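First the structure, in the form of structure tokens, and then the observations on it.
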Protein chains: 2
Amino acid sequence: MYMSPTPIETSATLVPWHNTAGRSAHEQRLHAHEALFCEGDEAGFLYEVVDGVMCNYRILLDGRRQIISFAYPGDLIGLGHTESHRFSCEAVCDARVRSIPKAALLRDAQGQAHVGHRLLEIATAELADMQEHQLLLGRKSAMEKLASFLLMLACRSKGEGAKTARFNLPMTRTDIADYLGMTIETVSRNLTKLKVLGVIDLPQTTRVIICDMDKLEELAEGDDAAF
Amino acid sequence: MYMSPTPIETSATLVPWHNTAGRSAHEQRLHAHEALFCEGDEAGFLYEVVDGVMCNYRILLDGRRQIISFAYPGDLIGLGHTESHRFSCEAVCDARVRSIPKAALLRDAQGQAHVGHRLLEIATAELADMQEHQLLLGRKSAMEKLASFLLMLACRSKGEGAKTARFNLPMTRTDIADYLGMTIETVSRNLTKLKVLGVIDLPQTTRVIICDMDKLEELAEGDDAAF
DNA sequence: CGTGAGGTTGATCGCTTTCAACGGAGGTGG
DNA sequence: CCACCTCCGTTGAAAGCGATCAACCTCACG
């Protein structure tokens, strides 16, 4: 059974069209690994993650998969689409999403400047994340990738409560591997290595405790004096 | 000496704020390898490439570099920035850019809906390109990366004149390597391999002729029956 | 003609992948 | 209740692809 991940941030104020009129944004439940939409599907809606974690990915003919991004509660999925979706999207664990009619949203964006502005803001934030991800995919070693990934998750879960960095990994090793552009075996080996080094602890396979944040940051940036 | 690349597409209608009032967008000339701005610089302007090719990149502490994207005439640089630039930008070859005050543009976006809409359109197109690029970086082999890259350039230079795919490579092997997440040696070896296979011809190091487009497409998608 | 930057090619190394076996957790059915 | 099965994760051994190190080439330019 997949654990429902702790909500990372409240989405209360993030998406301004929540309250717009009585346009009842329809909510949808997905089980772990269930698809929300596939590459090529007609793209009539955008989606806001309400609970759980989703992932956007692209696949090659032979099945190789690259996860573009994980979407946490409050995140918006589907921007950047034309009439058809340019990537696939599925639930990493049990999740809930709210669907938003695209046409209506774009109409709002034309009429209400702040909605358009907010959309642009979201799109550019996504661009920034993807730039970081490209640097990771193209130029970092396996250990650097993994350390960067853990830091990202730790950062996302800030404010989860205690200041000590503890968080769940809602995604499988396969998901992590497909996000970082490596294999599950390499993910597993390097997690073990981090554990042996005392940088992290893994009480369960889905639970991470960061013991030495400084060292993890060094490892993420390639200060290879670390090991 | 770097050859000035043939303009890929006219920018006449692409960017709507050309003509907005007498706000004289300042034009700027850059020599090959000259920086337009660096990561961390204050971001007061966006830039439209007028001529030549620019590249956006990020670097790690130890100098490893990942080129995020190449910007051709008509392309807009600098979206997705907050107060400071999140990446560096420099000229691949001699180039001309037009700087656009960011504050004014955003003001326009608030006032004129079509400007905001166009900006969002540009941002989402960029997102789509980056998704493709991530798939390439994370999951493709060296040969697949290179074949995909050549196809992209061929596609960009469509309408350059003849329908035969011939185009210049304004960027050095180092630039190509840093865009594809590999080394210059591997780029060079695989270009040679493509030449030997009769898929492409390289009359000069900066000039590419695609001889067998079908095979190149197979190679780009990993139909590895090809070699 | 000398020089230096960019490009190619060869030889070797090593990190990551691949192939394979094993272990644990959860679910199901006898 | 336990045997069994499947999925997921870990670990080991071997292979391979791309990186690294190094030499050489080409060409533009002073």
Side-chain angles (χ1 to χ4, degrees), chain A residues 1-3 31-33 60 62-66 92-94 136-147 168-196 200-208 219 222 224 227, chain B residues 1-4 31-33 60 62-66 92-94 136-147 149 168-196 200-208 219 222 224 227:
Chain A
M1 196 60 194
Y2 289 85
M3 300 193 56
H31 289 107
H33 300 157
L60 290 170
D62 60 5
R64 279 174 289 175
R65 184 175 74 143
Q66 178 62 46
V92 160
C93 54
D94 292 351
L136 178 149
L137 289 172
R139 288 304 184 202
K140 290 192 179 181
S141 71
M143 180 55 92
E144 288 163 0
K145 285 177 177 178
L146 193 61
N168 288 327
L169 287 176
M171 62 288 285
T172 66
R173 298 293 188 265
T174 300
D175 291 330
I176 297 174
D178 286 350
Y179 180 73
L180 298 178
M182 46 206 248
T183 61
I184 52 171
E185 292 93 332
T186 306
V187 169
S188 183
R189 271 184 251 276
N190 282 284
L191 278 175
T192 302
K193 202 167 181 175
L194 284 175
K195 195 174 169 181
V196 170
I200 63 169
D201 192 22
L202 297 167
Q204 309 151 41
T205 57
T206 61
R207 185 82 189 156
V208 178
L219 288 169
D224 41 22
F227 66 124
Chain B
M1 196 59 195
Y2 288 85
M3 300 193 56
S4 181
H31 289 107
H33 300 157
L60 290 170
D62 60 6
R64 280 175 289 175
R65 184 176 75 143
Q66 178 63 46
V92 159
C93 53
D94 291 351
L136 178 149
L137 288 172
R139 287 305 183 200
K140 289 191 178 181
S141 70
M143 179 56 91
E144 289 163 0
K145 285 177 177 179
L146 193 60
F149 177 67
N168 288 327
L169 287 176
M171 61 289 285
T172 65
R173 298 294 189 265
T174 300
D175 291 331
I176 298 175
D178 286 350
Y179 180 73
L180 298 178
M182 46 206 248
T183 60
I184 53 172
E185 292 94 332
T186 306
V187 169
S188 183
R189 270 184 252 276
N190 282 284
L191 278 175
T192 303
K193 202 167 182 175
L194 284 175
K195 193 174 170 181
V196 170
I200 63 170
D201 193 22
L202 297 166
Q204 309 150 41
T205 56
T206 61
R207 184 81 189 157
V208 178
L219 288 169
D224 41 22
F227 66 123

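Computed from a prediction, not measured in an experiment: that's the story for all the values here. First the proteins, then the strands, lettered A, B, ... as listed; each starts at 1.
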- Those residues at least two apart in sequence (or on a different chain) that pass side-chain hydrogen bond (donor to acceptor under 3.5 Å, both in side chains) with B/Arg189 are none

- For B/Lys145, side-chain hydrogen bond (donor to acceptor under 3.5 Å, both in side chains) partners two or more places apart: none

Closest approach of [X] to [Y] (non-hydrogen atoms, all atoms of both residues):
{"X": "A/Leu202", "Y": "A/Lys195", "answer": "O-NZ, 3.8 Å"}
{"X": "A/Arg139", "Y": "B/Arg65", "answer": "NE-O, 2.8 Å"}
{"X": "A/Ile184", "Y": "A/Ala177", "answer": "N-CB, 3.6 Å"}
{"X": "A/Gln66", "Y": "A/Asp178", "answer": "NE2-O, 3.1 Å"}

- Query: Per the side-chain contact (heavy atoms from CB on, under 4.5 Å) rule, which among B/Val187, B/Thr186, B/Thr192 passes with B/Asn190?
  - Reply: B/Thr186

Separation of [X] atom [atom1] from [N] atom [atom2], in whole Å?
{"X": "A/Glu144", "N": "C/dT16", "atom1": "CD", "atom2": "P", "answer": "9 Å"}
{"X": "A/Lys193", "N": "D/dG12", "atom1": "NZ", "atom2": "P", "answer": "13 Å"}
{"X": "B/Lys140", "N": "C/dT16", "atom1": "NZ", "atom2": "C1'", "answer": "20 Å"}
{"X": "B/Lys195", "N": "C/dT8", "atom1": "NZ", "atom2": "C1'", "answer": "10 Å"}
{"X": "B/Arg173", "N": "D/dC27", "atom1": "CZ", "atom2": "C1'", "answer": "14 Å"}
{"X": "A/Glu185", "N": "C/dC19", "atom1": "CD", "atom2": "C1'", "answer": "9 Å"}
{"X": "A/Ile184", "N": "C/dA20", "atom1": "CD1", "atom2": "C1'", "answer": "12 Å"}
{"X": "B/Leu194", "N": "C/dT9", "atom1": "CG", "atom2": "C1'", "answer": "16 Å"}

Give every pair of a protein N or O atom and an N or O atom of nucleotides 13-16 of chain D that lie under 3.5 Å apart, one pair per line with the distance.
| from | atom 1 | to | atom 2 | distance (Å) |
| --- | --- | --- | --- | --- |
| D/dA13 | N6 | A/Arg189 | NH2 | 3.4 |

- Query: Would you say C/dT17 has OP1 or OP2 under 4.0 Å from some side-chain N or O of A/Thr183?
  - Reply: yes

- Query: Any side-chain N or O of A/Thr172 less than 4.0 Å from the OP1 or OP2 oxygen of D/dC8?
  - Reply: no

- Note on the structure: Ranking A/Leu191 and B/Asn190 by the position along DNA chain D of their nearest nucleotide, the one closer to 5' is A/Leu191

- For B/Thr205, answer base if it contacts any base atom (sugar-phosphate contacts may also be present), sugar-phosphate if it contacts only those atoms, and nothing otherwise; contact means non-hydrogen atoms under 4.0 Å. sugar-phosphate

